[in-house]
Every structure is written in structure tokens, then in C-alpha cells.
There are 2 protein chains.
Amino acid sequence: MTEALALPDRSARRAALLDAADRVVAREGLAASMASVAAEAGVSKPILYRHFGDKGGLTAALAERHTARLWEVLRAALGTSGTPRDRVEATVGAYLAAIEAQPQLYRFLTAREDEPEQVRGFTHGLAALLTRGIALELGVAPGPREQVWARGIVGMVQATGDWWLGTDPRGADGLAREELARHLTDLLFGAYGAATR
Amino acid sequence: MTEALALPDRSARRAALLDAADRVVAREGLAASMASVAAEAGVSKPILYRHFGDKGGLTAALAERHTARLWEVLRAALGTSGTPRDRVEATVGAYLAAIEAQPQLYRFLTAREDEPEQVRGFTHGLAALLTRGIALELGVAPGPREQVWARGIVGMVQATGDWWLGTDPRGADGLAREELARHLTDLLFGAYGAATR
DNA sequence: GGTCAGTGTTACCGGCGGTAACACCGACGA
DNA sequence: TCGTCGGTGTTACCGCCGGTAACACTGACC
């Protein structure tokens with residue numbers, strides 16, 4: 001009974017809280033605290049905790065909200081016509097474009113998610129998606145090899161992306177996004193091995 | 001009360017403090033705090049801070065102490081006779097063996113090193129080492145491509161290693177170290193691209 | 001009109017990284 | 001013999017964090 005009234009209200013509030021979290025994360029990045037999110041939303045902390053449980057819950061909710069859009073972009077990139085290499089390069093480039101557009105958000109989402117087997121997690125979801133994608137492209141069932149490859153590729157792109165965001169675009173090591181994507185794709189397609197042969 | 005310590009000079013004290021830090025990190029991992037390190041060493045916090053400046057300084061000192069040994073191991077692995085692929089697999093395996101032997105330590109050292117351009121850093125050092133190694137193996141001067149590849153490989157191995165340490169060795173996704181190293185080496189040598197062709 | 005669930009608040013907790021302020025002690029010049 | 005002075009140690013604190021207990025208000029329902 002009361003739920004019929006509470007539910008729409010709750011979901012609207014939740015959206016408003018997430019809006020506030022978005023703004024704070026965009027402004028403060030990794031340093032975004034629960035207190036600042038609450039202040040930004042014009043409410044007090046316990047409201048935040050009643051909605052999301054703890055900070056991990058807020059992070060997960062934030063991730064869900066943004067990954068939907070990222071999934072679409074990545075899926076589109078994976079659907080690129082051309083060689084498998086083209087598809088990988090497009091996908092890597094799309095991911096890099098996403099983190100370049102909202103660097104603070106992605107730094108926040110990929111920040112060391114503390115040990116307690118947080119099944120939900122941005123990186124975890126990304127790896128799971130990629131595991132399926134790889135298995136599909138290879139035409140096999142997902143196994144340990146696909147899992148390892150997916151984790152590895154995600155780690156590789158995240159690590160280089162993180163480093164890249166910290167470099168001066170105009171500095172000596174300034175690198176265009178396309179060039180970074182090309183180097184990474186080369187690596188994934190055995191350019192290192194080929195060069196040493 | 002505090003008796004003792006036949007006038008240890010600064011470097012001896014420093015070594016004792018690092019010994020204590022080693023023990024605490026091995027025991028508490030990421031949760032290791034400055035207070036516990038001080039307690040373990042039987043001194044008070046300000047002593048720690050006078051020696052290392054801040055927590056980043058302690059971490060850097062800990063890293064220097066252990067990376068020397070790791071560098072040797074990796075260099076030995078890179079000197080393996082055989083194909084380039086053999087060398088890469090041996091190197092990846094050596095790194096995985098190191099983090100398997102002291103998981104808590106490596107989790108601590110690779111934990112998100114906060115933004116403030118901490119030039120010293122375990123991951124940074126590793127990437128720099130690998131950049132030179134790759135350039136050497138390719139017979140070229142280190143450039144953007146080598147930097148990207150090094151960062152990428154380090155990120156890839158760290159990410160998978162981290163994930164692997166968290167899996168149950170006896171579980172369904174239990175994976176032997178050698179198998180993980182082999183999958184990663186396959187990936188680096190273009191097995192994914194080859195399989196999709 | 002009294003009860004009661006839900007929504008909101010304030011004010012607190014323990015723990016963190018980091019530091020100010022003070023106590024002690026041996027060396028040394030008068 | 002005394003006084004000062006620098007180095008080494010301590011205690012006790014700061015501000016901030018994530019998280020919560022305890023209480024105030026409000027409005028629907030018997």
C-alpha cells in the first residue's frame with residue numbers, strides 16, 4: 001500500500017542522488033566522498049546509506065547507470081565491418097574515447113575495488129562482457145583461456161588508458177588516441193612477437 | 001622503559017622499520033596502516049614519519065627493497081635461451097611466481113598509487129624496466145610504441161595476476177601458474193588474432 | 001485521538017594519515 | 001658545576017573518512 005506511493009518517490013530520489021554523485025565525481029574524482037555527495041544532493045548522509053547500503057553500493061549503481069551506454073558503444077564497435085583486427089581497434093578506441101570524455105568517472109569506477117568479493121564491479125562486468133565476446137568471435141564456449149584473455153585485455157587497456165590520461169597531450173610523450181589504440185591493437189595481434197622474429 | 005638498542009645508527013633503524021613493515025604487510029596486506037607498522041616496530045608513529053616522510057615514502061622504500069630481487073629474477077628469465085616466446089613466457093611466469101610467493105606484499109605495492117605524480121612507484125619502475133627491455137630486444141631506441149607496450153603488458157599481467165590470486169586454486173576456475181603464463185604469452189604473440197582468422 | 005511506519009535529521013563512533021608540542025638526555029663551553 | 005642546546009623519543013591531538021545510533025517529525029489508518 002504505502003509501497004505504491006513510496007516506490008515512484010524512491011526511484012526519483014535515487015535518480016536525483018545519482019545525479020548528484022555524477023556531479024561530485026566529475027568534480028572531485030577519486031576523492032569524492034559520501035559526505036560531499038550528500039551535500040551536493042542537499043540531503044544528509046543516512047539517506048545515501050539507506051539507498052545504497054555503502055559506498056560500494058553507490059559505486060555499483062553509478063557503474064550500472066553508465067555502463068549501459070558504454071556497452072552500446074562497445075557493441076557497435078565490435079560490430080564494425082572489416083577484419084577482426086579492425087573490430088578490436090575500433091573497440092579499444094571506443095573505450096579510450098569513453099574514458100577520455102569522462103576521465104574522473106572512470107578513474108572512480110576502476111579504483112581498486114576492495115577485496116570483499118564485490119561481485120558487482122565495473123571491471124568485473126567489463127571482463128565478463130569481453131569473455132563472452134571473445135568466445136563468440138572464436139566460436140567456442142567460454143573457458144579459462146577466454147577468461148584470462150578478457151581479464152588481460154581489460155587490464156592492459158585500463159592500465160595504458162590510465163597512464164595516457166596522466167600524460168600531457170602537448171608534451172613530448174603526447175599521444176593521439178588513435179595512435180594509442182593502434183599500438184595496443186598491434187600488440188594484441190602479435191606485432192611484438194613478429195618484430196622479434 | 002625503552003631501553004636498549006645499542007645506539008643503532010639511522011640506517012640500521014631504517015632497516016628495522018622496514019623489517020617491521022614487511023611483517024605487517026605480509027599479515028594485513030592492503031589494510032596495513034602506519035600505526036600498526038609503528039607498533040610492530042615497537043616505536044611511535046612520528047619516528048616512522050621522520051624516516052619516510054609519509055606513507056608513500058614508506059611504500060617506495062619497501063618497493064626499492066624488494067624490486068632489486070625481482071629485477072634479478074626477471075632479468076634471469078629474460079636471459080632464457082630459446083625463442084623470444086620462451087623468454088616472454090619465462091618472464092611472465094617469474095612475475096607470477098613472485099606475486100604468488102608474497103601476494104600481500106605485491107597487492108600493497110600495486111595498490112592504486114594516488115595521483116600526486118609519485119615518480120617513484122612499483123608499477124612505474126616495472127614499466128620503465130620493460131620499456132628498456134622491449135627496445136633492447138627489438139634493437140631500437142625506446143619510443144612511444146615501446147612505452148605503450150610496456151605499460152600494457154605490465155597492466156595485463158598485473159590485472160590477471162590480481163584476479164588469479166583471488167580465485168580458488170581448487171575451484172572450477174582454478175588455474176595453474178604455468179597455464180596462466182602460457183595463455184598470456186599466447187595472447188601477446190597474437191594467438192587471438194590467429195584464431196579469428 | 002492514539003498508534004505506527006516511514007522519512008528526515010543531528011551527533012556520534014572508530015580508524016585513518018599526519019603533526020604539534022613537549023620530555024628526556026648526552027655533549028659542551030663558561 | 002652549571003646552563004643551554006640539538007637530537008631522539010613520547011603523548012595527545014587534528015581533520016577527514018566510511019558508517020551508524022538515536023531521536024524528531026509527519027501523515028495514514030483503526
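This is a predicted model, so every value here is computed, not measured. Just so it is clear: chains get the letters A, B, ... in the order the sequence lines come, proteins before strands, and each one is counted from 1.
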Subject >> Residues that B:His66 engages under side-chain hydrogen bond (donor to acceptor under 3.5 Å, both in side chains), provided they are two or more places apart >> reply: B:Asp22
May I have the list of side-chain donor-acceptor pairs in residues 182-190 of chain A shorter than 3.5 Å, sequence neighbours left out?
residue, atom, partner, partner atom, Å
A:Thr185, OG1, A:Ala181, O, 2.7
A:Asp186, OD1, A:Arg85, NH2, 2.3

**OP:** Mind listing the residues from residues 14-23 of chain A sitting with a heavy atom below 4.0 Å of DNA chain D? Number order is fine.
**Re:** none
Original post:
Per the end-axis method with five pairs at each terminus, what is the bend angle of the helix from C:dG1-D:dC30 to C:dA30-D:dT1, to 10°?
Top reply: 40°
Subject >> Sequence-distant partners of A:Ser44, side-chain hydrogen bond (donor to acceptor under 3.5 Å, both in side chains), two or more places apart >> reply: none
Original post:
Where along nucleotides 10-23 of chain C does protein come under 4.0 Å, by heavy atom, of base (B) or sugar-phosphate alone (S), with - for untouched nucleotides?
Top reply: B-----SBBBB---
Subject >> Whole-Å gap separating P (D:dT10) and NE2 (B:His51) >> reply: 11 Å
Subject >> Residue pairs fulfilling salt bridge (charged side-chain N to carboxylate O under 4.0 Å, His left out) with at least one residue in residues 36-46 of chain B, sequence neighbours excluded >> reply: B:Arg23-B:Glu40, B:Arg27-B:Glu40
Original post:
Over how many whole Å does the gap from B:Leu48 atom CG to D:dG9 atom C1' extend?
Top reply: 13 Å
Original post:
Can you name the salt bridge (charged side-chain N to carboxylate O under 4.0 Å, His left out) partners of A:Glu146, sequence neighbours left out?
Top reply: none
**OP:** List for me each residue that meets salt bridge (charged side-chain N to carboxylate O under 4.0 Å, His left out) alongside B:Arg87, sequence neighbours excluded, and say none if there are none.
**Re:** B:Glu137
Subject >> For B:Glu72, all residues meeting side-chain hydrogen bond (donor to acceptor under 3.5 Å, both in side chains), sequence neighbours excluded >> reply: none
Subject >> Heavy-atom side-chain contact between B:Val24 and B:Met34 under 4.5 Å >> reply: no
Subject >> Which residues share a side-chain hydrogen bond (donor to acceptor under 3.5 Å, both in side chains) with A:Glu100, sequence neighbours left out >> reply: A:Arg177
**OP:** Could you pull out all residues at least two apart from A:Asp86 that satisfy salt bridge (charged side-chain N to carboxylate O under 4.0 Å, His left out)?
**Re:** none
